[in-house]
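One structure is given here, and the rest of the page talks about it.
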Amino acid sequence: METNPRSNVLVIHSGPATAISRDGRRLRSENKSIHSTNASGASLPLPAAAARCLFRPLRRSLHSIPNEAKRGRSLLTIPPAHHLLRARGGTEEEARKAMASAWAASVLALVLLAAAAAREADGYVAYNTSAGTVAGLLNVHLVPHSHDDVGWLKTVDQYFVGSNNSIQGACVMNTLDSVVDALARDPGRKFVVAEQAFFQRWWVEKSPNIQAIVHDLVDSGQLEFINGGWCMHDEAATHYIDMIDQTTLGHRVIKQQFNKTPRAGWQIDPFGHSAVQSYLLGAELGFDSVHFARIDYQDRAVRKQNKGLEVIWRGSRTFGSSSQIFTNAFPVHYSPPNGFGFEVLDDISPVQDDLLLFDYNVEQRVNDFVSAAIAQANVTRTNHIMWTMGDDFNYQYAESWFRNMDRLIHYVNKVDLPIQQSFLWYGSSTGDVIDSQASGAYIFRPDGDTPTAVSRSVPLKVIRGPLVDEVHQQFSSWISQVTRLYKDKDHAEVEYTIGPIPVNDGIGKEVITRLTANMVTNSTFYTDSNGRDFLKRVRNYREDWDLQVTQPVAGNYYPVNLGMYVADGKYELSVLVDRSVGASSIRDGQIEIMLHRRILHDDGRGVGEPLDEVVCVDNKCDGLTAKGTYYVNVNKLGHGAHWRRTTGQEVYSPFLLGFAHEDEKSWKSYSIGKGSMMDAKYTLPDNVAIITLQNVDDGTVLLRLAHLFQAEEDPKNSVMAKVELKKLFGKRKIKELTETNLSANQKKSEMKKLKWRVVGDTESGHAPIVGGPVDGQALVVELGPMEIRTFSLKF
């Protein structure tokens with residue numbers, strides 16, 4: 001097999017192939033299958049009728065995907081207050097409060113509307129399951145199927161009619177009847193059929209009316225034939241002529257009855273897969289792809305680690321590239337992820353969305369879904385993943401499956417960007433025989449890559465007020481948190497209290513908070529550099545050398561002084577901090593921040609003692625308690641910089657309250673502030689901050705102005721800014737202005753910079769935007785992006 005390590009293009013089609021890039025652009029469309037694309041990588045064809053996409057289900061012809069992507073339809077949308085109002089009833093203010101408390105109550109900023117759908121008075125819910133894919137986000141495609149062995153524990157006829165059920169309870173006749181009924185109820189539902197041995201037995205018994213219904217389902221793409229042979233033949237003990245003959249038999253009857261040609265290979269159950277199958281019974285049949293489940297367990301483990309489950313398989317040395325076919329090995333099996341099978345007689349966890357009934361579980365089921373989807377996305381290449389929704393002889397009561405899938409699609413698509421927040425801790429390494437380096441004051445060295453969760457169940461208390469709503473949570477005896485949602489703010493403020501960290505188990509602990517979102521971030525995140533520039537970081541990568549990854553966690557931690565963020569094709573998830581911390585994104589869609597550490601061993605780097613400072617009160621000594629605040633916000637892609645820059649400045653330089661002892665009369669006389677020197681009608685531009693305003697001993701005033709935005713960081717604010725000094729100091733007259741270097745120890749006009757000829761320097765493009773000289777009469781200061789200008793003023 002040959003893999004393409006840059007696979008990030010999805011192809012989903014029936015008929016002419018259409019390639020969709022991560023940003024939703026149509027790459028090319030041909031009358032033949034696309035199996036390898038441009039430098040973006042390999043394609044991933046799926047059965048057309050099978051692709052029910054959660055996060056945006058495919059509810060119409062898959063040829064419409066590019067248009068859906070171009071429209072940029074939102075996935076997982078937090079509704080505005082009036083939408084919540086329709087779901088719950090009550091005033092708009094009550095709806096807004098309900099939305100705010102629901103957002104915070106799910107650990108930080110999550111989740112679904114607790115009231116579920118817009119349930120009518122008679123209890124009916126119209127589930128919204130119509131949508132398309134969204135470029136740049138994780139798209140989960142549900143493929144409803146039933147794997148029906150043409151003879152296994154029972155004979156083929158026993159399986160068809162449902163006899164001899166003491167051996168195995170299976171009746172394919174019931175499955176096909178039930179599936180057709182369920183598909184006919186909802187034009188958005190889809191299903192794939194593989195084994196013609198059963199379908200043809202069923203077809204000849206059907207009335208003309210039922211056959212007409214099935215014809216409509218096939219023509220609309222709801223019912224699709226995949227593989228299409230009489231059976232799903234073995235690949236180890238079969239001769240190629242027999243494989244051709246049995247496949248031809250099935251394909252001929254499908255063509256005669258429906259004028260359809262199967263496009264996807266579906267060899268999900270054979271134990272092992274042959275080169276002849278891939279090219280002769282794959283590419284030579286005109287298949288776009290082949291999908292299977294059973295491979296060597298070691299092979300699967302390696303492919304999951306290297307994201308090599310999707311490959312281009314070139315099965316013939318003779319025919320070379322003309323024999324290749326896209327091949328997809330499932331991450332586990334051809335069944336759904338654990339907990340998402342809905343066969344009616346199995347022990348299932350249905351999506352229960354009626355608040356009047358017991359076991360309401362919408363929020364939990366959606367969180368489970370998001371977690372399972374992210375877990376699969378972490379072992380596959382693209383932001384399109386397939387869930388095989390079925391197993392052996394399933395769908396004997398198909399409505400059980402479709403009903404739950406409809407509800408999952410509906411509820412997962414109702415929130416904007418689900419964010420799960422939790423506290424975890426890494427055990428501190430004490431060194432080992434291979435590497436004696438311990439974790440300590442200077443060195444962060446965890447004893448493993450997987451941190452331990454502090455708590456799985458977190459009690460909470462919601463307090464509502466006229467200015468702010470608070471959610472109080474106790475994660476453990478030594479970790480608590482208050483999440484605040486202010487009425488005039490669009491972000492969450494999270495205040496944590498951690499400590500004393502328990503170490504009576506002999507394990508040092510390094511405590512993190514982790515935010516997890518449904519985002520495909522391509523191993524990329526951004527951290528600030530000294531609170532100024534934001535720099536791009538790529539996990540397990542260094543631009544200047546070939547990094548040998550020895551510390552997959554610590555090696556990806558960076559200092560954060562202002563904040564960090566991750567972004568995908570649609571959203572930016574940002575966090576601002578109130579102090580310097582270490583932070584990273586160890587997996588796509590995650591942000592983790594180190595908040596507190598207590599370590600029992602020295603790291604041998606000079607301190608000479610472990611990081612285990614204690615405080616003693618009444619002869620009782622214990623570790624330190626850390627209390628701090630961080631801020632979380634979600635913005636549309638390209639619109640997060642304004643919040644990070646402006647709110648970041650507020651976090652770094654908050655208002656300070658001062659108090660004095662005054663009698664009541666004096667206090668009243670000073671209650672109205674009159675101290676500002678600024679012109680009453682003037683305000684600084686949003687992209688500029690005064691970072692220094694200081695009286696100097698020589699009688700001058702030191703003024704520093706900083707442009708807060710980087711070039712091209714924000715379409716509105718990464719532009720030239722102007723500050724009118726006359727209005728800034730409206731009540732004072734500037735007699736003299738001198739621009740200096742940054743530290744104000746020399747005039748800027750007298751500064752000399754060395755010029756260097758740099759070998760291999762190919763830098764080209766636009767010159768940086770910088771402000772010009774300040775006119776002594778107009779006194780207007782210009783600042784380009786990231787520019788800081790320093791002035792000495794005399795009044």
Side-chain angles (χ1 to χ4, degrees), residues 76 78-79 81 84 93-114 363-364 366-367 370 415-424 453-499 511-518 560 563-566 571-579 581 583 589-596 625-635 640 643-644 647-648 650-651 654:
L76 305 173
I78 292 179
L84 189 63
E93 177 62 18
E94 289 171 343
R96 197 201 61 75
K97 288 183 178 180
M99 180 174 65
S101 62
W103 188 75
S106 180
V107 187
L108 171 65
L110 289 173
V111 260
L112 304 165
L113 299 174
E363 179 180 325
Q364 183 60 52
V366 170
N367 288 340
V370 172
V415 292
D416 192 359
L417 186 65
I419 304 172
Q420 294 177 317
Q421 183 258 353
S422 55
F423 285 99
L424 308 97
V454 171
S455 177
R456 299 291 183 184
S457 178
V458 183
L460 60 87
K461 178 181 180 182
V462 179
I463 301 174
R464 294 189 176 93
L467 300 178
V468 63
D469 293 335
E470 293 186 343
V471 179
H472 293 243
Q473 295 169 285
Q474 191 74 40
F475 287 80
S476 70
S477 60
W478 52 283
I479 296 182
S480 61
Q481 175 175 282
V482 179
T483 302
R484 296 185 178 92
L485 299 172
Y486 291 91
K487 298 297 190 289
D488 60 343
K489 303 290 185 182
D490 58 358
H491 62 258
E493 175 186 294
V494 184
E495 181 183 277
Y496 59 87
T497 303
I498 303 174
V511 184
I512 65 169
T513 186
R514 176 185 289 170
L515 307 180
T516 302
N518 168 37
V560 169
M564 70 173 292
Y565 69 96
V566 294
Y571 297 104
E572 297 176 10
L573 169 61
S574 305
V575 177
L576 298 176
V577 296
D578 67 343
R579 66 199 65 196
V581 297
Q590 289 185 353
I591 289 176
E592 65 177 58
I593 306 170
M594 185 76 70
L595 299 179
H596 198 6
T625 296
K627 186 172 184 177
T629 305
Y630 63 91
Y631 308 82
V632 183
N633 202 8
V634 177
N635 300 96
W643 179 80
R644 288 190 295 271
T647 305
E650 295 173 7
V651 171

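Everything numeric in this text was worked out from a predicted model, so none of it was measured.
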If every non-hydrogen atom of [X] is compared with every non-hydrogen atom of [Y], which pair is closest and at what distance?
X	Y	result
Phe475	Val454	O-CG1, 4.0 Å
Ser574	Arg644	OG-NH1, 2.8 Å
Arg579	Lys627	NH2-O, 2.8 Å
Ile498	His596	O-CD2, 3.3 Å
Ile419	Ala517	CG1-CB, 4.5 Å
Met564	Ala583	SD-CB, 3.5 Å

Task: With Gln421, the side chain to side chain donor-acceptor pair (under 3.5 Å) member among Thr516, Thr483, Thr513 - done: Thr513
I want to check something: taking the side chain as every heavy atom from C-beta on, are [X] and [Y] in contact at a cut-off of under 4.5 Å?
X	Y	value
Val581	Tyr630	no
Ile479	Val511	yes
Leu573	Val632	yes
Val560	Ile593	no
Tyr565	Asn635	no

Open item on the list: For a side-chain contact (heavy atoms from CB on, under 4.5 Å) check, start with the C-alpha distance between Val468 and Ile463, then their side-chain angles and the critical distance, and finish with the verdict.
Closed with: CA-CA 9 Å; Val468 63; Ile463 301 174; over 6 Å; no
TODO: Take Asp469 and Val462, measure what side-chain contact (heavy atoms from CB on, under 4.5 Å) needs, and give me the verdict at the end.
DONE: CA-CA 7 Å; Asp469 293 335; Val462 179; 5.6 Å; no
Can you tell me how far [atom2] of [Y] sits from [atom1] of [X], rounded to the nearest 0.5 angstrom?
X	Y	atom1	atom2	value
Ile512	Glu592	CD1	CD	3.5 Å
Gln420	Asn518	CD	CG	10.0 Å
Leu467	Leu485	CG	CG	13.0 Å
His472	Gln481	NE2	CD	11.0 Å

Task: Aromatic plane relationship, Tyr631 with His491 - under 30° parallel, 30 to 60° tilted, over 60° perpendicular - done: perpendicular
- [ ] For Asp578 and Thr629, indicate whether the former's side chain and the latter's backbone hold a donor-acceptor pair under 3.5 Å.
- [x] yes
